[in-house]
**Student:** 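Okay, here's the structure, questions in a sec.
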Amino acid sequence: AEEASAGAAAEEPVSHHPVAKVGVVGTGTMASGIVEVFAKAGHDVVFVGRTDEKAAAVQARVEKNLDRAIAKGKLDEAGKSAVIDRLTAATEREALGDVDIVVEAIAEDLDIKLELFRDLDRICKPGAILATTTSSLSIAECAAVTSRPADVIGMHFFNPAPVMKLVEVVSADGTSPEVADTVKTLCLDIGKHPVSCGDRAGFIVNALLFPYLNDAVRLHESGVPMGDIDDAMKATKLPMGPFELLDVVGNDVSLAIQTTLVEAFGHEGWTPAATLQKVVAEGKLGRKTGEGFHTY
Ligand code: 3HC
């Protein structure tokens, strides 16, 4: 914790592996944002989806954000083309054979991640860094299915990835300090703020944030209107109220994180609120489905 509060940015970590070409696996909100961040920072990015349609959706999201930047006068057409030219869509993981780092942002399910890490171990070149943006699963478990646990690390981006500066850089016991330094340097190079964390459920931010969000749902269940809770918390200078934030993160993701926390730490008071479970069961996952706690 001391290391984290000192601010990794101030430590000026030394990069030992040059990281030029980046691979991203996944086609959801986080994957799309991470592709955008690296490409805007000048990296060639190969991104892998399960189908052409899913990969095309990533490309479309990045282009939409670039168009928004053009509309705001923050980017010109040449700048947009330069970013687009750095993108390569793929549907086969074999396309990751020559990347210097892979950041995976696939489903938050350990078995699915382990299957991916076994494949990455087979496909990626020696020395490539294998990073996961898991929000609460164990980095050590992902590392354990590879022949190169020293090169496996957590790189936890926040939603929306193009905007949020924080990246939690999560070292498992077996992660090499050199790989952690390389990833911290990479974060600085792409304009992010790295904070080092240990491999514990929820790392730093989610271990504090999600019990708060869950408590907000319980407060609402006890009769306080959602709008009043959002309004009050925003007036404390938080950028979003808890229900707005739950809808941005996704209620399914929030439920998964809260479940992991309660399993890891056993605090009964952290049991996912009934209404959080209910909205997920109803498919009201948040902005991505057009309805969550609020309607969009
Ligand atoms: N993708 C890309 N860019 C986006 C974006 C998105 N989804 N949403 C907003 N932006 C950009 C806008 O284009 C704008 O860029 P500009 O300054 O260059 O013009 C900038 O962000 C600000 O956007 P707006 O003015 O439209 O809106 P706000 O000022 O209300 O900011 C916000 C939006 C940045 C999302 C802000 O409300 C915020 O910070 N919310 C809190 C987000 C948060 O806490 N995230 C962490 C969640 S926990 C998590 O991710 C952990 C994981 O494990 C689940």
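Numbering of ligands and ligand atoms starts at 1, following listing order.
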**Student:** Do the charged groups of K288 and D252 touch, with an N to O distance under 4.0 Å?
**Tutor:** yes

**Student:** Would you say atom 28 (P) of ligand 1 has a protein heavy atom nearer than 4.0 Å?
**Tutor:**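 No, no protein heavy atom sits under 4.0 Å from atom 28 (P) of ligand 1.
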
**Student:** Using a distance threshold of 4.0 Å (strictly less than), state whether atom 16 (P) of ligand 1 has a protein heavy-atom neighbour.
**Tutor:**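 Given the 4.0 Å cut-off, atom 16 (P) of ligand 1 counts as touching protein heavy atoms.
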
**Student:** For ligand 1, find out whether one of its N or O atoms is nearer than 3.5 Å to an N or O atom of K72.
**Tutor:** yes

**Student:** Any donor-acceptor pair under 3.5 Å linking the side-chain atoms of E104 with those of T133?
**Tutor:**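 E104 and T133 do not have a side-chain donor-acceptor pair below 3.5 Å.
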
**Student:** Check whether E168 reaches the backbone of S196 with its side chain - one donor and one acceptor, N or O, closer than 3.5 Å.
**Tutor:** no

**Student:** So which of V248, V253, T133, N159 gets nearest to atom 42 (C) of ligand 1, if we judge by its closest heavy atom?
**Tutor:** N159

**Student:** With a 4.0 Å heavy-atom cut-off (strictly under), which part of T29 contacts ligand 1: side chain, backbone, both or neither?
**Tutor:** neither

**Student:** May I ask whether atom 10 (N) of ligand 1 is less than 4.0 Å from at least one protein heavy atom?
**Tutor:** yes

**Student:** On a heavy-atom basis, which atom in V179 and which in T175 lie closest, and how many Å separate them?
**Tutor:**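 Between these two residues, the closest heavy atoms are CG1-CG2, 4.3 Å.
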
**Student:** Using a 4.0 Å heavy-atom cut-off, which part of L245 comes near ligand 1: side chain, backbone, both, or neither?
**Tutor:** side chain

**Student:** Please list the nearest protein heavy atom to atom 54 (C) of ligand 1 with its residue and the distance rounded to 0.1 Å.
**Tutor:**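 The closest heavy atom on the protein side is V249 CG1, 3.5 Å.
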
**Student:** Looking at ligand 1, would H156 count as a contact under a 4.0 Å heavy-atom criterion?
**Tutor:** yes

**Student:** Looking at S254 and L246, what are the two nearest heavy atoms and their distance?
**Tutor:** OG-CD2, 3.5 Å

**Student:** Kindly indicate whether atom 50 (O) of ligand 1 is approached by any protein heavy atom to under 4.0 angstrom.
**Tutor:**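 Protein heavy atoms within 4.0 Å of atom 50 (O) of ligand 1 - there is at least one.
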
**Student:** Looking at D119 and R122, does any basic side-chain N land under 4.0 Å from a carboxylate oxygen?
**Tutor:**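 Looking at D119 and R122, the cut-off is met.
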
**Student:** Could you verify whether a donor N or O on one side chain and an acceptor N or O on the other, from N206 and S136, lie under 3.5 Å apart?
**Tutor:**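 Distance-only check fails for N206 and S136.
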
**Student:** Give the residue, atom name and distance (to 0.1 Å) of the protein heavy atom nearest atom 48 (S) of ligand 1.
**Tutor:** L209 CD2, 3.6 Å

**Student:** Kindly state if atom 1 (N) of ligand 1 has a protein heavy atom within a strict 4.0 Å cut-off, that is, under 4.0 Å?
**Tutor:** yes

**Student:** Evaluate the ring planes of Y296 and H294, with Trp represented by its six-membered ring, and classify them as parallel (under 30°), tilted (30 to 60°) or perpendicular (over 60°).
**Tutor:**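 Judged by the thresholds at 30° and 60°, the geometry between Y296 and H294 is perpendicular.
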
**Student:** Look at atom 33 (C) of ligand 1 and say whether a protein heavy atom is found at less than 4.0 angstrom from it.
**Tutor:**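 Looking at atom 33 (C) of ligand 1, one finds that no protein heavy atom lies closer than 4.0 Å.
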
**Student:** Establish whether atom 20 (C) of ligand 1 and some protein heavy atom are separated by less than 4.0 angstrom.
**Tutor:**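 False for atom 20 (C) of ligand 1.
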
**Student:** Minimum heavy-atom separation for T27 to V48, with atom names?
**Tutor:**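 Closest approach of T27 to V48, heavy atoms only: CG2-O, 4.3 Å.
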
**Student:** Can you pull out the closest protein heavy atom to atom 37 (O) of ligand 1? Residue, atom name and distance to 0.1 Å, please.
**Tutor:**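 Ranking protein heavy atoms by distance from atom 37 (O) of ligand 1, first comes M240 CE, 3.4 Å.
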
**Student:** Which option out of G250, P160, G202 puts a heavy atom nearest to atom 6 (C) of ligand 1?
**Tutor:** P160

**Student:** N214 and Q258: which non-hydrogen atoms are nearest, and at how many Å?
**Tutor:**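 Of all heavy-atom pairs spanning N214 and Q258, the closest is ND2-NE2, 3.5 Å.
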
**Student:** Less than 4.0 angstrom from a charged side-chain N to a carboxylate O is my criterion; do E36 and K80 meet it?
**Tutor:**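 Looking at K80 together with E36, the answer is no, because their closest N to O distance does not fall below 4.0 Å.
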
**Student:** Please confirm whether H220 and F243 have ring centers closer than 6.0 angstrom.
**Tutor:** yes

**Student:** Write out the residue and atom name of the closest protein heavy atom to atom 41 (C) of ligand 1, then the distance separating them to 0.1 Å.
**Tutor:**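 Here the nearest protein heavy atom works out to P239 CG, 3.7 Å.
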
**Student:** Relative to ligand 1, is R68 under 4.0 angstrom through side chain, backbone, both or neither, heavy atoms considered?
**Tutor:** side chain

**Student:** Looking only at non-hydrogen atoms, which of K74, E244, M30, E168 approaches atom 18 (O) of ligand 1 most closely?
**Tutor:** K74

